[in-house]
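Computed from a prediction, not measured in an experiment: that's the story for all the values here. Side-chain atoms are counted along with the backbone in the values below, which use heavy atoms only and exclude waters and symmetry mates.
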Amino acid sequence: MTAKSSTTSQPLRHFLQLTDLTGQELLYVLERARIIKDKFKRYEPYQPLNDRTLAMVFEKASTRTRVSFEAGMYQMGGAVIHLTTNDSQLGRSEPIEDTARVVSRMVDLVMIRTFEQSRIERFSEYSRVPVINGLTNEYHPCQILADVFTYMEHRQTIQGKVVAWIGDANNMAYTWIQAAERLGFKLNFSAPEGYQLESHRLAGVDPAVYQSFQNPHDACQGADLITTDVWTSMGYETENEARKRAFANWCVDSTMMAKAKPDALFMHCLPAHRGEEVTAEVIDGPQSVVWDEAENRLHAQKALMEFLLLGQIQ
């Protein structure tokens, strides 16, 4: 069977939210990430995506997403096309449905980093190939996939653990909740008034998988992992000063880390602002695994692309 025909034999699957994969499928991808990373560290060539092409569409700026997907696809034997709104018809008001129809006839896989979730959903509806969410305003499934992989790499399993999210109810927070429901752990959430989780976005979510705390120190009590993000996400820059004032007591520092379990880890999806959402003492300290976490975007996404294009490897 040729590489091209094997794509068509696979059922079309997208990765627009973490919930597009079952818990068992997520565990499979995470195990494949471990195997693929091991090959990478041993300089063992592994190129199952030979003759496959990934199109990367960026409507939001990126560093880690671009480098990890581009390097990952090349390492797996494939090719990459990089598009932005400045050098494609997306920036000239072509309907996203038409772009999807055309691009998906020329490549094997599409990764999109954009604004509203509705844009990537519209694209995927008209795509003939798998579409991956590289980040939207609502969800960031590739980052959480890498974060969970990182935790499991250090602590074997995340099932039954407690993750404390300290910060804004942003795309990361909602995706962590999806991960908690799929993989059997609990999320403690804490944010100031005005930045809380929205109940309509949690409709159908098992309330046992998350709990909101007014005091961030309470959310950290007994946690296995403390994680955070910048207070001002892309697209909310005009709110920066107001957010700094509102989140002043939500800076993850050594006092918060001391509330967690002694072997608790710290994560941040980066870029980080030391002295705002986290102190330098914590992010550069012994409990921080942020650099492993950043590298693991590469390995987790390689496993994801393999799964979407080839299915489960027997």
Side-chain angles (χ1 to χ4, degrees), residues 1-22 25 28-29 32 36 46-62 64-142 145 297-298 300-313:
M1 181 179 287
T2 66
K4 290 298 182 186
S5 63
S6 64
T7 296
T8 58
S9 68
Q10 278 301 119
L12 180 59
R13 300 286 301 273
H14 301 302
F15 190 64
L16 310 185
Q17 301 183 35
L18 205 77
T19 49
D20 284 335
L21 271 59
T22 67
E25 287 172 335
Y28 167 81
V29 171
R32 288 299 300 169
I36 290 169
Y46 181 62
Q47 300 187 331
L49 302 186
N50 180 52
D51 199 32
R52 305 300 177 90
T53 302
L54 165 69
M56 302 192 302
V57 182
F58 289 96
E59 295 187 301
K60 277 190 175 183
S62 167
R64 280 154 293 277
T65 297
R66 178 178 178 179
V67 173
S68 57
F69 269 106
E70 191 162 344
M73 192 60 174
Y74 284 134
Q75 290 166 16
M76 299 276 272
V80 180
I81 298 171
H82 176 256
L83 298 170
T84 68
T85 50
N86 293 327
D87 56 22
S88 70
Q89 291 296 335
L90 280 171
R92 299 179 180 87
S93 301
E94 178 177 58
I96 197 167
E97 294 86 352
D98 290 355
T99 301
R101 288 183 176 105
V102 173
V103 171
S104 67
R105 284 173 175 260
M106 301 177 180
V107 302
D108 302 279
L109 187 64
V110 178
M111 186 283 298
I112 303 178
R113 185 177 175 94
T114 187
F115 294 89
E116 296 81 11
Q117 182 77 8
S118 60
R119 285 185 64 76
I120 198 169
E121 289 174 351
R122 286 165 54 200
F123 190 104
S124 66
E125 184 179 353
Y126 291 88
S127 175
R128 293 161 53 132
V129 301
V131 177
I132 297 173
N133 181 352
L135 175 143
T136 62
N137 291 347
E138 289 85 356
Y139 300 105
H140 199 356
C142 288
L145 191 68
R297 285 288 301 275
L298 172 69
Q301 288 162 188
K302 286 164 75 172
L304 175 66
M305 291 190 289
E306 178 192 71
F307 174 74
L308 293 176
L309 288 174
L310 303 180
Q312 295 196 14
I313 306 298

Within a strict 4.5 Å, meaning less than it, do heavy atoms of the [X] and [Y] side chains meet?
X: Gln75; Y: Tyr46; result: no
X: Leu109; Y: Val129; result: no
X: Thr53; Y: Ile81; result: yes
X: Ile112; Y: Val131; result: yes
X: Arg13; Y: Leu21; result: yes
X: Phe15; Y: Pro130; result: no
X: Cys142; Y: Phe69; result: yes
X: Leu145; Y: His140; result: no

What pair of heavy atoms forms the shortest contact from [X] to [Y], and how long is it?
X: Ala303; Y: Val29; result: CB-O, 3.4 Å
X: His14; Y: Asp20; result: O-CB, 3.4 Å
X: Ser104; Y: Ser127; result: CB-OG, 3.5 Å

Looking at Val80, Ile132, Thr84, which hits side-chain contact (heavy atoms from CB on, under 4.5 Å) with Met56?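 When Val80, Ile132, Thr84 are each tested with Met56, the side-chain contact (heavy atoms from CB on, under 4.5 Å) holds only for Val80.
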
Does Met76 form a side chain to side chain contact (heavy atoms under 4.5 Å, CB included) with Gln47? I'd like the steps, not just the answer. CA-CA 4 Å; Met76 299 276 272; Gln47 300 187 331; 5.7 Å; no

What residues, two or more places apart in sequence or in another chain, satisfy salt bridge (Lys or Arg N to Asp or Glu O under 4.0 Å) together with Arg101?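 Partners of Arg101 by the salt bridge (Lys or Arg N to Asp or Glu O under 4.0 Å) criterion, ordered by chain and then number, come out as Asp98.
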
How far does [atom1] of [X] sit from [atom2] of [Y], to the nearest 0.5 angstrom?
X: Thr19; Y: Tyr139; atom1: OG1; atom2: OH; result: 7.0 Å
X: Ser68; Y: Lys302; atom1: OG; atom2: NZ; result: 11.0 Å
X: Gln301; Y: Leu54; atom1: CD; atom2: CG; result: 10.0 Å
X: Asp51; Y: Asp108; atom1: CG; atom2: CG; result: 7.5 Å
X: Leu18; Y: Glu25; atom1: CG; atom2: CD; result: 11.0 Å
X: Arg119; Y: Asn137; atom1: CZ; atom2: CG; result: 11.0 Å

Using side chain to side chain donor-acceptor pair (under 3.5 Å) as the criterion, list what pairs up with Gln117, not counting sequence neighbours. Asn133, Thr136

Side chain to side chain donor-acceptor pair (under 3.5 Å) against Glu70, all qualifying residues, sequence neighbours excluded: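 Partners of Glu70 under the side chain to side chain donor-acceptor pair (under 3.5 Å) test: Arg66.
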
Between Glu306 and Arg32, does any NZ, NE, NH1 or NH2 come within less than 4.0 Å of an OD or OE carboxylate oxygen?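 Glu306 and Arg32: salt-bridged.
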
Run the side chain to side chain contact (heavy atoms under 4.5 Å, CB included) test on Glu97 and Thr99 for me, step by step, so that the C-alpha distance in whole Å, both residues' side-chain angles and the decisive distance to 0.1 Å come before the verdict. CA-CA 5 Å; Glu97 294 86 352; Thr99 301; over 6 Å; no

Quick check: does any side chain N or O of Thr65 sit under 3.5 Å from a backbone N or O of Ser62, one acting as donor and the other as acceptor? no

Could you check Met305 against Leu49 for side chain to side chain contact (heavy atoms under 4.5 Å, CB included), going step by step and ending with a plain yes or no? CA-CA 9 Å; Met305 291 190 289; Leu49 302 186; 4.2 Å; yes

Please test Tyr28 against Ile313 for side chain to side chain contact (heavy atoms under 4.5 Å, CB included), starting from the C-alpha separation and ending with a verdict. CA-CA 10 Å; Tyr28 167 81; Ile313 306 298; 3.6 Å; yes

